[in-house]
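Shown next, in structure tokens, is the structure this report addresses.
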Protein chains: 2
Amino acid sequence: MAKRATTKDKILNAAEALFAEHGFEQTSLRQITALAEVNLASVNYHFGSKKALIQAVMARYLEVFMPALDQQLAQLQQQSLISTRQVFDCFREPLKQLSSVRKGGPTLFLSLLGFAYAEIQGHLRRYTMDHFGAVMERLLAVLHMANPQLSPVDMFWRLHFVLGATVFTQVSGPALREIAAADFGETVRADQIVDKLIPFLAGGVDAVSPA
Amino acid sequence: MAKRATTKDKILNAAEALFAEHGFEQTSLRQITALAEVNLASVNYHFGSKKALIQAVMARYLEVFMPALDQQLAQLQQQSLISTRQVFDCFREPLKQLSSVRKGGPTLFLSLLGFAYAEIQGHLRRYTMDHFGAVMERLLAVLHMANPQLSPVDMFWRLHFVLGATVFTQVSGPALREIAAADFGETVRADQIVDKLIPFLAGGVDAVSPA
DNA sequence: CATAGTTTAAAACATGCGTTTTAATTTATA
DNA sequence: TATAAATTAAAACGCATGTTTTAAACTATG
């Protein structure tokens with residue numbers, strides 16, 4: 001049956017590729033429509049605005065990722081003893097499953113998420129909270145189970161340190177991988193960065209608070 | 001003697017305030033000259049370009065901060081046993097000294113640095129490396145002394161995780177402090193975030209590597 | 001087949017940006 | 001004080017952006 005790619009899908013795919021590489025603000029509608037080989041005005045016809053297009057691009061991934069993450073967290077939540085490391089490991093499987101959305105999906109999604117958070121777009125933050133606020137709450141709950149000694153406000157800050165390190169690594173991932181390859185002769189696949197990141201994050205969250 | 005503020009200084013001060021609040025790209029020359037109450041063209045007359053203005057704003061802080069940091073690192077370098085925590089504590093005093101540049105200097109500088117790194121501006125990266133590359137090398141050397149078990153490439157990645165967490169915290173600092181105050185009723189001064197950040201960073205860098 | 005509805009196409013619009021140009025004005029120098 | 005230089009002022013330039021408009025082309029339906 002495979003019908004030809006619709007204009008709407010061509011736009012989504014081109015936008016996703018460019019957004020993941022250069023960020024949302026840095027990508028113009030003209031770049032997107034040129035890559036998609038469609039007319040400029042069709043973006044506003046199909047999506048209404050650039051903001052709505054950004055949300056549509058993110059939604060394709062979030063709708064797969066968030067329920068999967070929620071399930072992992074819920075499963076972990078049933079245990080009585082939880083480590084921070086286990087919490088972060090909950091992200092591994094949902095991330096891998098994004099390969100079913102698209103080849104290279106996990107990396108693309110993390111890049112998009114990085115830019116989304118980096119260019120603090122109010123409308124995306126709102127969208128995420130409206131649709132997946134429950135998942136975020138469960139994440140905080142599980143993290144608190146893993147670190148009952150941390151006060152809620154300290155956990156709040158550390159969770160944002162975690163977000164910062166993660167987001168930033170993804171946004172500057174390609175550049176950093178180039179430098180690493182040049183300086184250390186060690187090629188690092190995009191998905192391997194997560195393996196290096198998770199121990200760092202867990203160590204940071206578990207660190208003893210200062211007097 | 002105190003002569004009136006020159007146009008050049010009025011531009012620098014206005015630019016600094018706006019850059020620290022909204023970032024470099026998000027701040028237009030028209031906003032700057034409006035706040036400074038000077039003519040738009042005077043920016044290009046005194047500085048040549050927006051890029052050069054950005055560098056001039058950063059230079060006022062870097063010229064104070066970098067030598068002070070270098071001195072702290074050099075002092076630590078003489079010890080035989082060095083902890084990661086000690087390395088990050090080296091940033092405290094140089095940061096405090098920026099209060100002499102301006103009231104709120106430490107916070108302003110960290111915000112500027114955050115945006116500078118976030119909006120990966122090649123010209124700023126080049127400027128920093130050209131002028132203060134030796135300091136960065138010393139930092140890496142001291143960090144390696146504190147963590148000889150970490151391979152250079154692993155240290156490279158962890159250092160960038162550190163940068164990511166730091167930068168991001170500063171860029172979204174005001175927003176996060178608002179949320180923290182609203183959700184936990186705990187007001188956090190901008191400079192206190194560093195106190196929460198440093199243990200996290202040290203814990204992350206010291207974390208044991210995965211098999 | 002004819003026609004109503006959907007989609008694509010091309011062009012223009014309105015806005016904001018960094019920068020440049022030209023002229024007026026202030027400041028310093030001899 | 002007369003003159004040259006430095007600075008400020010006002011306007012326009014050239015370009016890129018997201019969005020809107022108007023007309024043409026396609027597609028499905030009766």
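Quantities reported herein were computed from a predicted structural model and do not represent experimental measurements. All chains are named by letter (A, B, ...) in the order of the sequence lines, taking the proteins before the strands, and each is independently numbered beginning at 1.
With contacts defined as side-chain heavy-atom distances shorter than 4.5 Å, the pair D183(B)/F156(A) does not qualify.
Identified under the side chain to side chain donor-acceptor pair (under 3.5 Å) test for residues 31-42 of chain B, with sequence neighbours left out: S28(B)-Q31(B).
Atom P of nucleotide dG16(C) and atom NZ of K50(B) are separated by 15 Å, given to the nearest angstrom. One atom, CG of L40(B), and another, C1' of dG18(C), lie 8 Å apart when rounded to the nearest Å. Atom-to-atom, CZ of F47(B) to P of dT19(C) comes out at 13 Å; the value is rounded to the nearest Å. Nucleotide dT19(C) holds its C1' atom 5 Å from the CG atom of N44(B), rounded to whole Å. Rounding to whole angstrom units, CD1 of residue I54(A) and C1' of dG18(D) are separated by 12 Å.
Classification of the F200(A)-F200(B) ring pair by plane angle, with boundaries at 30° and 60°, yields perpendicular.
Here the nucleotide nearest the side chain of N39(A), chosen from dT8(C), dT19(D), dA10(D), is dT8(C). For T7(A), whose side chain is taken as the heavy atoms from C-beta onward, the closest listed nucleotide among dT21(C), dT7(C), dT8(D) is dT7(C). The side chain of Y45(B) lies closest to dA6(D), out of dT19(D), dA6(D), dT6(C).
Residues meeting the ring pair (Phe, Tyr, Trp, His ring centres under 6.0 Å) test with H131(A), sequence neighbours left out: Y127(A).
Across all their heavy atoms, R102(A) and N13(A) have their closest contact at NH1-OD1, 3.7 Å.
The phosphate of dT8(C) (OP1 or OP2) has a side-chain N or O of H46(A) nearer than 4.0 angstrom.
DNA chain C is contacted by T27(B), S28(B), L29(B), R30(B) of residues 26-38 of chain B, taking any non-hydrogen atom closer than 4.0 Å.
Taking the centre of each ring, F19(A) and F115(A) stay at or above the 6.0 Å mark.
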